Peer 1: 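Can you read through this structure? Questions will come right after.
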Amino acid sequence: MTIQISASSALTLMFRVLMALSFVVALPGRGTAVQDPQAFIGYVGTQGMAAVGQNVSPAQRAERLRELFQRYFDVTGIAEFVLGRYRSSANPQQQQEYLGLYRDYTVHTYDTQLGQYGAAPFRVTGSRPGGEQTVVTSEIIRSGGSRVQIDWYLVNRGGDYKITDLSIDGISMKVTQRDEFARWIQNNGGRFDALLAVLRQQIAQGR
C-alpha cells in the first residue's frame with residue numbers, strides 16, 4: 001500500500017523547533033527539580049549547550065532526546081491533542097500503538113535534523129501566566145544575528161514541570177503537528193490506520 005504524504009510548511013517549522021530542543025539535557029530527578037519556571041528553562045538552555053558539542057555521538061544524541069522527550073514533555077497530552085477530532089476514530093489498540101509511534105517519530109524528526117544546527121546563544125527573557133500554564137519566553141540568537149523567539153508552555157504537576165508545547169515565532173508546535181497529521185489521514189481516505197502507516201514509514205526510513 002502506498003501512503004501519500006503532503007508537503008507542508010509545517011516541516012520547516014519542525015526543523016526550527018529543533019533549535020529549541022537541542023538545548024535540553026538531563027535535569028535533576030524528581031524531588032530536586034528547579035521550582036521556578038524561568039530557572040527551569042534557564043537551566044535547560046544553559047546546560048544544553050554541552051548536548052550539541054562535538055563529543056556527543058549521533059547515537060548518544062538520539063538516546064538523550066528520547067529520554068528527555070519522554071521524561072520532561074507531556075507526551076501523552078501532546079499526542080492526544082495532535083490527534084484532534086480523529087482521536088475518537090481510533091480503537092484502544094490503535095491508540096496505544098499511536099502513542100509509541102508518535103514518540104519515536106517526533107524524536108526521529110528532531111534527531112535527523114539536529115546535526116544542521118550548532119550551539120547558539122540562548123537566554124530566558126521573561127514569563128507570563130497562560131491560563132493554568134506558565135509561559136516562559138526565550139530567544140536564540142542565530143549566526144548572523146537573527147533572533148528566534150521561543151515560548152515554552154509549562155504545567156506544574158506536584159512540583160515537577162512538564163512542557164506541553166513550544167511556540168516558535170508565534171507558531172505552535174502541537175497545532176502544526178495536528179494539522180499535518182490530519183492532512184495525512186485525509187489524503188489517505190480518512191483512515192486512522194493510514195496515519196499509523198505513515199508514522200511507521202517515516203521511522204523506518206530513518207533507521
Side-chain angles (χ1 to χ4, degrees), residues 1-22 24 58-59 61-117 130-133 135 150-155 157 162-207:
M1 177 177 63
T2 300
I3 301 299
Q4 301 175 357
I5 305 175
S6 63
S8 172
S9 60
L11 186 59
T12 300
L13 173 65
M14 293 303 295
F15 293 170
R16 296 172 65 192
V17 170
L18 294 173
M19 298 185 64
L21 293 181
S22 66
V24 184
R61 185 172 64 233
E63 182 61 26
R64 182 174 296 174
L65 284 172
R66 181 174 290 103
E67 292 175 354
L68 292 170
F69 187 62
Q70 183 66 39
R71 184 172 185 182
Y72 297 112
F73 282 70
D74 180 17
V75 179
T76 300
I78 297 172
E80 291 178 350
F81 176 89
V82 169
L83 279 184
R85 63 190 178 91
Y86 292 103
R87 180 184 176 188
S88 60
S89 65
N91 60 44
Q93 182 177 355
Q94 288 175 322
Q95 290 184 16
Q96 183 176 6
E97 181 181 5
Y98 162 75
L99 183 60
L101 290 172
Y102 174 79
R103 179 198 60 212
D104 292 345
Y105 166 77
T106 302
V107 170
H108 162 66
T109 301
Y110 298 154
D111 180 51
T112 55
Q113 298 302 321
L114 190 57
Q116 297 186 15
Y117 304 98
E132 297 181 353
Q133 302 181 95
V135 183
I150 303 173
D151 294 345
W152 307 72
Y153 289 76
L154 308 178
V155 62
R157 293 177 177 164
K162 291 289 186 180
I163 300 169
T164 62
D165 194 14
L166 291 174
S167 176
I168 313 297
D169 286 339
I171 302 177
S172 165
M173 177 187 73
K174 67 182 184 181
V175 170
T176 299
Q177 282 190 321
R178 182 187 64 186
D179 294 343
E180 186 71 30
F181 284 19
R183 280 192 290 271
W184 287 352
I185 294 175
Q186 292 166 6
N187 289 347
N188 291 281
R191 296 176 293 107
F192 186 85
D193 61 352
L195 171 62
L196 302 180
V198 169
L199 294 176
R200 292 191 210 102
Q201 184 181 57
Q202 294 294 296
I203 294 168
Q205 288 175 353
R207 289 176 178 168

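Only a predicted model underlies this, so the values are computations on that prediction, with no experimental measurement involved. Throughout, numbering of the chain's residues begins at 1 and tracks the sequence.
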Peer 1: Got a sec, which residues hit side-chain hydrogen bond (donor to acceptor under 3.5 Å, both in side chains) with S167, two or more places apart in sequence or on another chain?
Peer 2: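 Residues passing side-chain hydrogen bond (donor to acceptor under 3.5 Å, both in side chains) with S167: none at all.
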Peer 1: Can you confirm whether L99 sits close enough to E80 that some side-chain heavy atom of one is under 4.5 Å from a side-chain heavy atom of the other?
Peer 2: no
Peer 1: Taking the side chain as every heavy atom from C-beta outward, state whether Q133 and W152 have any atom pair closer than 4.5 Å.
Peer 2: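 Of all side-chain heavy-atom pairs linking W152 with Q133, none is under 4.5 Å.
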Peer 1: side-chain hydrogen bond (donor to acceptor under 3.5 Å, both in side chains) with Q70: which residues, sequence neighbours excluded?
Peer 2: none
Peer 1: Could you pull out all residues at least two apart from D74 that satisfy side-chain contact (heavy atoms from CB on, under 4.5 Å)?
Peer 2: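 Result, side-chain contact (heavy atoms from CB on, under 4.5 Å) vs D74: R157, K162, T164.
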Peer 1: Hey, could you give me the CG/OG1 distance between L101 and T106, rounded to the nearest 0.5 Å?
Peer 2: 10.5 Å
Peer 1: For D151, give me all partners under salt bridge (Lys or Arg N to Asp or Glu O under 4.0 Å), at least two apart in sequence or on another chain.
Peer 2: R128
Peer 1: As an exercise, state the distance from CG of L83 to CD of Q177, rounded to the nearest 0.5 Å.
Peer 2: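 So the CG of L83 and the CD of Q177 are separated by 10.5 Å.
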Peer 1: Nearest heavy-atom pair of Q186 and R85: which atoms, and what distance?
Peer 2: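 In this case the closest contact between Q186 and R85 is NE2-NH2, 3.4 Å.
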Peer 1: With sequence neighbours excluded, tell me which residues meet side-chain hydrogen bond (donor to acceptor under 3.5 Å, both in side chains) with E97.
Peer 2: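 For E97, the residues satisfying side-chain hydrogen bond (donor to acceptor under 3.5 Å, both in side chains) (neighbours in sequence not counted) are R200.
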Peer 1: Within a 6.0 Å radius of atom CD on Q96, are there more than 12 heavy atoms belonging to other residues, nucleotides or ligands?
Peer 2: no
Peer 1: Which pair of non-hydrogen atoms, one from K174 and one from D165, has the smallest distance, and what is that distance?
Peer 2: N-OD1, 3.2 Å
Peer 1: Going by side-chain contact (heavy atoms from CB on, under 4.5 Å), name the residues that satisfy it together with F181, two or more places apart in sequence or in a different chain.
Peer 2: V82, Y98, Y102, Y105, W184, L195, L199
Peer 1: Would you give the length of the straight line joining atom CZ of R87 to atom CZ of F192, rounded to the nearest 0.5 angstrom?
Peer 2: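 Here the interatomic distance stands at 10.5 Å.
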Peer 1: With rounding to the nearest 0.5 angstrom, report the OG to CZ distance, S89 to R191.
Peer 2: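 Answer for the OG-CZ pair, S89 versus R191, is 11.5 Å.
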Peer 1: How long is the span from the CE atom in M173 to the CZ atom in R178, to the nearest 0.5 Å?
Peer 2: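 M173 atom CE to R178 atom CZ measures 13.0 Å (nearest 0.5 Å).
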Peer 1: Write down the atom of A194, the atom of N188, and the distance for their closest heavy-atom approach.
Peer 2: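 Where A194 meets N188 most closely, the heavy atoms are CB-CB, 3.5 Å.
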Peer 1: Are the side chains of V155 and E132 in contact, using a 4.5 Å heavy-atom criterion?
Peer 2: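 They are not in side-chain contact.
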